[in-house]
Amino acid sequence: MTEVVVVCEGQTEEVFVKEILAPALAPRYVFVQPRLIATSRHSRGGSLNGQRVLRFLQNTLRERSDTYVTTFFDLYALPSDFPGWSEAAGQTDPVEQATAVEAGFHAAVVQKVRCRPERFLPHIQPYEFESLLFSETERFVKAEPKWKVFAGRLEAVRQSARSPEHINDGSDTHPSARLQYLLRPRYNKVRHGVAVAARIGIDRIRAECAHFGGWLARLEVLPSLRRAE
């Protein structure tokens with residue numbers, strides 16, 4: 001049995017891990033547990049900053065030495081003080097940007113925590129969770145039939161980019177902004193996001209979203225860890 005703590009950016013990612021990712025990994029005896037970072041006395045999730053994230057990961061990795069820790073953070077609007085951000089400054093492709101951030105992020109966490117490097121597997125999603133929903137746009141209508149009139153425009157957004165993970169990150173054109181502006185009834189991140197993802201299915205998402213698919217492939221084959229620290 002392999003246990004993985006998934007530190008999520010927000011509630012949408014948290015529910016996705018519980019309802020979509022966990023059932024997909026459980027048959028491989030990989031068991032994932034989502035967590036949100038406390039941002040105030042009464043709030044969890046969002047408001048990422050470098051020091052808050054590093055502190056939370058340090059505490060999480062030091063709880064037990066036989067668990068893996070990964071992240072599910074958006075590349076979009078990642079703060080400039082985030083570990084690995086400077087390494088990605090020269091990249092223009094979102095997948096390459098995310099990969100560069102992950103490398104710097106991994107190095108910073110391992111240096112701070114002094115854990116076994118293989119225990120931390122950072123994942124930064126280009127550009128954000130909603131990118132995954134463009135893997136099969138017709139599934140939006142299955143989640144909310146009133147969105148049928150927008151099906152063509154949703155597909156046009158998908159066709160405008162090389163992959164769902166390449167959909168623009170402008171303030172008005174990143175994936176979730178497009179959904180907010182386009183869809184009526186209004187798109188709700190937690191309720192609709194996970195509902196659409198469930199109808200698409202994890203296999204279709206991983207086929208269309210190479211960076212996400214690579215992360216999932218790594219999680220699927222993680223060996224069990226023994227307490228060694």
Q: Return the set of residues passing side-chain hydrogen bond (donor to acceptor under 3.5 Å, both in side chains) with E144 (not counting sequence neighbours), or none when no residue passes.
A: none

Q.
With no hydrogens and no angle check, just 3.5 Å: does a side-chain donor-acceptor pair link E208 and S163?
A. no

Q. Any ion pair linking D66 and R119 (charged N to carboxylate O, less than 4.0 Å)?
A. no

Q) With a 3.5 Å cut-off and no angle check, do the side chains of Y127 and D74 form a donor-acceptor pair? A) no

Q: On the 0 to 90° scale, with breaks at 30° and 60°, tag the F140-W147 ring pair as parallel, tilted or perpendicular.
A: tilted

(Q) Suppose clustering is done on Ile, Leu, Val, Met, Phe, Trp and Tyr with side-chain heavy atoms closer than 4.5 Å. Which residues sit in the same group as F31? (A) M1, Y29

Q | Residues Q125 and E165: side-chain donor-acceptor under 3.5 angstrom | A | yes

Q | Salt-bridge criterion met for E19 and R191 (N-O under 4.0 Å) | A | no

**Q.** Minimum-distance pair of heavy atoms, taken over all atoms of R204 and E136
**A.** CG-OE1, 3.4 Å

Q: Hey, can you tell me if H106 and F120 have their rings parallel, tilted or perpendicular (30° and 60° cut-offs)?
A: parallel

Q: State, to 0.1 Å, how close R178 and V157 come at their nearest heavy-atom pair, and which atoms those are.
A: CD-CG1, 3.5 Å

Q. Ion pair present between R158 and E155, side-chain N to carboxylate O less than 4.0 angstrom?
A. no

Q) Taking all atoms of both residues into account, what is the closest heavy-atom pair of S135 and I205, and its distance? A) OG-CA, 3.7 Å

(Q) Below 30° counts as parallel, above 60° as perpendicular, anything between as tilted: where do the rings of F212 and F72 land? (A) tilted

Q: Would you please indicate if the ring centroids of H174 and Y76 are separated by under 6.0 Å?
A: yes

Q.
Please determine whether a side-chain nitrogen of the Lys or Arg among E130 and K189 lies less than 4.0 Å from a carboxylate oxygen of the Asp or Glu.
A. yes

